[in-house]
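Please read these numbers as outputs of a predicted model, since none were measured by experiment. Basis for what follows: all heavy atoms, side chains included, without hydrogens, waters or symmetry-related copies.
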Amino acid sequence: MFGLVDGNNFYVSCERVFQPRLDGCPVVVLSNNDGNVVSRSAEAKQLGIAMGAPYFEVRALLRRHQGHALSSNYALYGDMSRRVMARLADQAPAVEVYSIDEAFLDLHGLTTYCGSLDERARTIRRDVLACTGIPTCVGMGPTKTLAKAANRLAKKYPELQGLLRLDTESRRERALRALPVADVWGIGRQYAQLLAAHSIGTAWELAGVSEAWARKHLGGVVGWRLIQELRGQPCQGLLPSEDGTLARRSIRCSRSFGQRLTAFEDLWGAVTTYLSRAAEKLRAQGDQAHVLTVFLSQDRYDPRLPPPHTRSTTLTLPGGPTSHTLQLLAYARRLLERLYEPGRVYVKAGVVLDGLEPPGRGQQLSLFAPAAPALVPAPEAGRAQQLMRTLDRLNRQFGRGAVRPAATNIPGRQPAPWQGNAQYRSPAYTTRLEDLLLVR
DNA sequence: TCTGGGGTCCTAGGACCC
DNA sequence: TCTGGGGTCCTAGGACCC
């Protein structure tokens, strides 16, 4: 049996822990650059504010109802998430951290020692709320997909008191009949539209399609698995997370700019900033990357620009895997030169690190080793590695970006031209001493 | 005027191999 | 006029998730 625990309106709930004045009124949290709504309080949902709505479209409505909009504060949400996950790790034999606000639990055998599963789930909710201030819902089922479905319904119907267990045939049928197909885990906009055209409106009807049909229309083996899981046949196990963190298979850092950019050196400053951050994350998880991608995006809302709006270019690093910022930057510069076209107007850039593996494992030595491009001397060895360790330590101690590549600093341009907006940012209450909440 | 960021998995086409 | 079959790897892009 799987459990799925999910924080209610997670970002808004995090903000409310430290700002009780936000209780009871419509509150939204905005994406980077204060662009879109990414978290809504129940009151904001009631006003009809949609997930992902552009802020400029809902600003007036929110103001009319004495609502609040906040910039996203990932330092706060990340730390609150860590606290929630630590509570869950105490309550179940195995936990898979699935996202910043969600975790799958292994509930196998818990009934024997701890009363009924429902009692157990109630205890978990009470404990998380008491220790972190975050309200949650719990869904339970024999597959991950059914646990997700149960969680969705527990959120939707208050009379369930934040809790639903789908462990019998009749409960499964009742639940799936009540669940719109668009709310099924794995069904997005495109598939929901296609299913509607075939008169499939509920999860129950979706569970009834043939395996061949699912394979044909819902992404091959992915669709087949989805149907199996809805019927109660598990196709995915629990992937336990070590120490509450997730080892990533890829690391990405990208941002929309605060203004449109056309100059190469401005774009290079942005790419340098993002790649420095990505490499820092890479080293923090103890890996090296073998594949590097750089991408540039133009305005996808401009009707004069035909798609694709994003162009990317990828390189398998000829010198082998590395986690060295300066070496990665040397490659990234080449990729950006390949991508950049003078005269184009760019709104966003980003980098992706793939092919992650721990250092020293199965590395292929170049046949032409001495002639390999020596972009940075002795990449992972000795002094270079020490340099990165020292860089990371200084930035931990003195704040992100205290020591950084010179390309991220464009003389006479403060703030940097790619810097986004975050007008309504709350303090980092739990991770910056200066931001500690004062109670008088 | 203003439209996010960071992940996963899968597929398709081309280059190249035997 | 006719022009193999079966692989892998690389790159780019598209679906989905929160």
- Mind checking ring-ring contact (aromatic ring centres under 6.0 Å, His included) for A/Phe10 and listing every partner two or more places apart, or none if nothing turns up? none
- With sequence neighbours excluded, tell me which residues meet side-chain contact (heavy atoms from CB on, under 4.5 Å) with A/Ala86. none
- How would you list, by chain and number, every residue that makes a salt bridge (charged side-chain N to carboxylate O under 4.0 Å, His left out) with A/Arg152, sequence neighbours excluded? A/Asp183
- Query: Sequence neighbours excluded, which residues qualify as ring-ring contact (aromatic ring centres under 6.0 Å, His included) partners of A/Tyr429?
  - Reply: A/Phe18
- Kindly state each residue pair satisfying ring pair (Phe, Tyr, Trp, His ring centres under 6.0 Å) with at least one member in residues 196-226 of chain A, sequence neighbours excluded. A/His198-A/Trp213, A/His198-A/His217, A/Trp213-A/His217
- Scoring nucleotides 11-18 of chain C by protein non-hydrogen atoms under 4.0 Å (B base, S sugar-phosphate only, - none) yields SSS-SSSS
- Taking atom C1' in both B/dC17 and C/dG4, what distance in whole Å separates the two? 14 Å
- Query: How many Å lie between CG on A/Leu292 and P on C/dC10, as a whole number?
  - Reply: 15 Å
- Query: For A/Arg16, which residues count as a salt bridge (charged side-chain N to carboxylate O under 4.0 Å, His left out) partner, sequence neighbours excluded?
  - Reply: A/Asp23, A/Glu43
- Message: Using a 4.0 Å heavy-atom cut-off, does A/Arg277 contact any base of the nucleic acid, only the sugar-phosphate backbone, or nothing at all?
- Response: nothing
- Would A/Asn9 and A/Ser39 count as having a side-chain donor-acceptor pair, cut-off 3.5 Å? no
Side-chain atoms of residues 129-148 of chain A: list all donor-acceptor pairs with protein atoms under 3.5 Å, sequence neighbours left out, distances to 0.1 Å.
| unit_1 | atom_1 | unit_2 | atom_2 | d |
| --- | --- | --- | --- | --- |
| A/Thr132 | OG1 | A/Val128 | O | 2.6 |
| A/Thr132 | OG1 | A/Ile134 | N | 3.2 |
| A/Thr143 | OG1 | A/Leu146 | N | 3.0 |
| A/Thr143 | OG1 | A/Glu229 | O | 3.0 |
| A/Lys144 | NZ | A/Glu96 | OE1 | 2.7 |
| A/Lys144 | NZ | A/Glu96 | OE2 | 3.4 |
| A/Lys144 | NZ | A/Gly237 | O | 2.8 |
| A/Thr145 | OG1 | A/Glu229 | OE1 | 2.6 |
| A/Lys148 | NZ | A/Glu102 | OE1 | 2.6 |

- Note on the structure: Contacts of A/Tyr340 meeting ring-ring contact (aromatic ring centres under 6.0 Å, His included) (sequence neighbours excluded), chain-then-number -> A/Phe264
- Query: Can you give the dot-bracket line for DNA chain B, using ( ) for pairs inside the strand, [ ] for pairs that cross earlier ones, | for pairs with another strand and . for unpaired bases, where Watson-Crick and G-U count if both distances are under 3.5 Å?
  - Reply: ....||||||||||||||
Every protein N/O lying under 3.5 Å from an N/O of nucleotides 1-8 of chain B:
| unit_1 | atom_1 | unit_2 | atom_2 | d |
| --- | --- | --- | --- | --- |
| B/dC2 | O2 | A/Arg59 | NH2 | 3.4 |
| B/dT3 | O3' | A/Asn36 | OD1 | 2.8 |
| B/dT3 | O2 | A/Tyr301 | OH | 3.2 |
| B/dG4 | OP2 | A/Arg300 | NH2 | 2.7 |
| B/dG4 | O5' | A/Asn36 | OD1 | 3.2 |
| B/dG4 | O4' | A/Ser31 | OG | 2.7 |
| B/dG5 | OP1 | A/Ser256 | N | 2.5 |
| B/dG5 | OP2 | A/Ser256 | N | 3.2 |
| B/dG5 | OP2 | A/Ser256 | OG | 3.0 |
| B/dG5 | OP2 | A/Lys348 | NZ | 3.3 |
| B/dG5 | O3' | A/Arg255 | NH1 | 3.3 |
| B/dG6 | OP1 | A/Arg255 | NH1 | 2.9 |
| B/dG6 | OP2 | A/Ser254 | N | 2.4 |
| B/dG6 | OP2 | A/Ser254 | O | 2.9 |
| B/dG6 | OP2 | A/Ser254 | OG | 3.0 |
| B/dG7 | OP2 | A/Arg252 | N | 2.5 |
| B/dG7 | OP2 | A/Arg252 | O | 3.4 |
| B/dT8 | OP1 | A/Arg249 | N | 2.7 |
| B/dT8 | OP2 | A/Ser250 | N | 3.2 |
| B/dT8 | OP2 | A/Ser250 | OG | 2.7 |

- Residues forming a ring-ring contact (aromatic ring centres under 6.0 Å, His included) with A/Trp268, sequence neighbours excluded: none
